[in-house]
Amino acid sequence: MQILADRVRQNYPDCHVGELSDEMNLKRPLFYQNGASLKKNKVYIAHESDLSGEILKAHGDNLLLVVEEAGRDQMEPPPGVVAFGEGCDPEVLFNTVQRVFDTYDAWDERMQSMALSESTMKALLDASYRIFHNPMMVATKEGFVVDHSSLMDSVAELQQALQRSCIPENVVAEDSAQVQRYQDPETGRNYLFVELYDKNRNAYRLILMETSRRLKSSDGYLLLHLSKYIEQMVERFTVVQPEVSYTLDRLLSNVLTDDKIEKSSLRARFQSFHWEECHSYFCMNIHVSTVGRQNLTVIQFICNRIEGLIAGSCAFFMDERIVVCVNLSMGGTKLEDALESVSGFLKDSYLKAGISYAFTGLGAMRQYYLQSSIALEEGMKRYPLRWVNRFEDIALDYLMGKCTELLEPEVVCSRAVLTLREYDQEHKTDYYETLRTYISCQMNAVQAAKTLFIHRSTFLYRMAHIKELIQIDLDDPNQLLYLLLTYRLLESEEERSASSDSDSQSS
């Protein structure tokens with residue numbers, strides 16, 4: 001009744017509303033005919049002259065929308081009655097009520113369909129925005145945000161809420177079956193939340209945030225209704241694997257941690273899960289925060305969600321990280337498509353991942369698992385703003401790091417390049433940059449001269465002098481590779497020094 005009255009009041013701001021029930025039990029509207037008996041749980045549209053005082057006071061669980069007669073004083077509506085002025089057209093009012101029912105019926109049907117389909121939780125929350133006009137999120141009781149309305153990605157003031165649910169874990173619902181209200185003591189923002197259950201275990205919360213408009217009492221009833229569909233979706237995302245004698249995640253965990261495992265015995269074990277030697281695979285390492293690592297509910301949800309997003313994948317917790325092994329052949333997909341399907345979830349959940357190359361064969365699994373681990377570690381260190389770091393993107397950085405693991409860069413670098421740098425400092429020349437540009441332009445003198453903004457004859461003069469100073473053979477691919485690596489190492493060293501100086505000045 002309260003939801004319907006609130007919607008009708010938008011079209012008829014002068015109507016008078018009596019006390020209304022908070023039960024969600026109304027059926028489609030009817031026109032009341034004088035003398036007819038009332039059915040149960042109906043919305044009746046009637047003229048005041050057709051209703052006796054007894055009906056107005058004792059109409060049961062119905063909602064009466066009463067159009068008052070001309071010249072009569074406006075009535076003070078009894079419970080379950082909304083009174084409209086004489087200018088109200090009953091037929092227009094009937095259509096208004098029908099549209100309200102149409103809106104909520106369509107929403108309910110869509111929620112049912114999405115909860116049982118392959119839709120994402122985000123899509124379900126976004127589809128409910130026109131009902132609530134405020135963003136929502138689903139979080140574990142410990143504060144890990146499982147998913148949220150897309151609106152929260154574009155509103156700066158809501159970003160903090162995405163890092164961690166703003167409702168503390170110790171806020172306990174008075175009645176787990178009802179909607180609870182919470183006010184953030186720091187921001188003063190109001191929230192409504194409902195406890196969610198996964199296999200009869202209270203593990204999640206559906207949270208409605210007050211941002212675009214003030215929360216209404218009717219929001220609570222609708223949120224409770226929506227929570228049933230969210231629970232269905234959560235259960236679908238957290239399907240418990242059947243207990244078998246040797247599960248795939250245990251087998252993979254053993255393979256990845258034991259480098260002495262007998263390779264010939266793997267084939268038969270993997271075949272029981274339909275993972276074949278001829279299949280294509282890739283590995284993923286996912287960093288989980290300290291809070292997440294301490295919470296098995298969070299870990300379980302992430303693993304199940306990833307398995308739901310990437311066909312042919314197996315995700316499990318190992319060595320303080322979530323490891324994902326993907327059988328691309330079984331899933332009938334490509335590495336690019338698999339990453340596309342999961343990247344949104346990783347970003348929304350603030351999870352960072354390292355990705356290996358695609359490979360064929362089970363015997364190489366451990367090597368590519370280590371590759372994904374390196375991609376994660378190096379990526380987080382060098383590119384902290386990236387959500388996904390592929391090994392191919394950090395491979396050169398990794399190789400350079402190995403070059404200087406025991407020796408300083410200047411000890412590893414080509415003496416020829418270092419000689420040019422020292423000569424430039426002493427004689428105010430630019431031979432170091434000239435050689436670097438020439439190599440970068442693939443030994444194209446014309447292109448190198450253009451890049452350096454000098455005449456071609458000037459460039460050739462410089463190169464002739466460079467060859468007099470240092471003994472280099474640019475036709476030798478090994479020496480060329482050494483020179484390129486030297487320049488890259490020295491550039492990285494300069495960038496680190498500049499960054500260190502900047503940090504010192506700012507502090």
Expected output: side-chain [X] to main-chain [Y] donor-acceptor under 3.5 Å:
X: Ser329; Y: Ser280; value: yes
X: Ser149; Y: Met136; value: yes
X: Ser253; Y: Asp249; value: no
X: Tyr487; Y: Tyr432; value: yes
X: Gln479; Y: Asp473; value: yes

Can you tell me how far [atom2] of [Y] sits from [atom1] of [X], rounded to the nearest 0.5 angstrom?
X: Asn190; Y: Gln183; atom1: CG; atom2: CD; value: 4.5 Å
X: Arg205; Y: Ile230; atom1: CZ; atom2: CD1; value: 15.5 Å
X: Leu485; Y: Leu399; atom1: CG; atom2: CG; value: 8.5 Å
X: Thr419; Y: Ile472; atom1: OG1; atom2: CD1; value: 11.0 Å
X: Leu452; Y: Tyr438; atom1: CG; atom2: OH; value: 12.5 Å
X: Tyr369; Y: Asp319; atom1: OH; atom2: CG; value: 4.5 Å

So, are [X] and [Y] salt-bridged, with charged N and O less than 4.0 Å apart?
X: Asp147; Y: Lys122; result: yes
X: Arg436; Y: Glu433; result: yes
X: Arg181; Y: Glu210; result: no
X: Arg488; Y: Glu491; result: no
X: Asp219; Y: Arg214; result: no

Does the plane of the ring in Phe359 sit parallel, tilted or perpendicular to the ring in Tyr368? Use 30° and 60° as the thresholds.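 Rings of Phe359 and Tyr368: parallel, as their planes differ by under 30°.
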Is the Tyr423 ring parallel, tilted or perpendicular to the Tyr431 ring (thresholds 30°, 60°)?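 Rings of Tyr423 and Tyr431: parallel, under 30°.
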Should we count [atom1] of [X] as having more than 12 external heavy atoms under 6.0 Å?
X: Arg213; atom1: CZ; value: yes
X: Glu340; atom1: CD; value: no
X: Arg456; atom1: CZ; value: no
X: His133; atom1: NE2; value: yes

Less than 4.5 Å apart, any side-chain heavy atom of [X] and any of [Y]?
X: Val138; Y: Met233; value: no
X: His148; Y: Ile207; value: no
X: Leu418; Y: Leu490; value: yes
X: Asn327; Y: Phe270; value: no
X: Leu339; Y: Phe282; value: yes
X: Met365; Y: Trp275; value: yes
X: Val417; Y: Arg421; value: no
X: Met318; Y: Leu252; value: no

Can you name the residues that form a side chain to side chain donor-acceptor pair (under 3.5 Å) with Glu336, not counting sequence neighbours?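 By the side chain to side chain donor-acceptor pair (under 3.5 Å) rule, Glu336 matches Arg390.
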Set of residues satisfying ring-ring contact (aromatic ring centres under 6.0 Å, His included) with respect to His455, sequence neighbours excluded: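 Per chain and number, His455 pairs via ring-ring contact (aromatic ring centres under 6.0 Å, His included) with no residue.
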Will you find, in the side chains of Arg321 and Ser373, an N or O donor that is under 3.5 Å from an N or O acceptor?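 Note: Arg321 and Ser373 side chains meet the donor-acceptor criterion.
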Output, in order, the C-alpha distance, side-chain angles, deciding distance and verdict of side-chain contact (heavy atoms from CB on, under 4.5 Å) for Ile310 and Ile306. CA-CA 6 Å; Ile310 305 179; Ile306 289 173; 4.2 Å; yes
Out of Glu377, Glu378, Lys381, which residue meets the side chain to side chain contact (heavy atoms under 4.5 Å, CB included) rule with Ile394?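 That would be Glu378; it is the only one of Glu377, Glu378, Lys381 passing the side chain to side chain contact (heavy atoms under 4.5 Å, CB included) with Ile394.
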Considering only distance and modelled atom types, tabulate donor-acceptor pairs under 3.5 Å from the side chains of residues 107-116, sequence neighbours left out.
| from | atom 1 | to | atom 2 | distance (Å) |
| --- | --- | --- | --- | --- |
| Trp107 | NE1 | Ser128 | OG | 3.0 |
| Asp108 | OD1 | His225 | NE2 | 2.7 |
| Asp108 | OD1 | Tyr229 | OH | 2.6 |
| Asp108 | OD2 | Gln112 | NE2 | 3.1 |

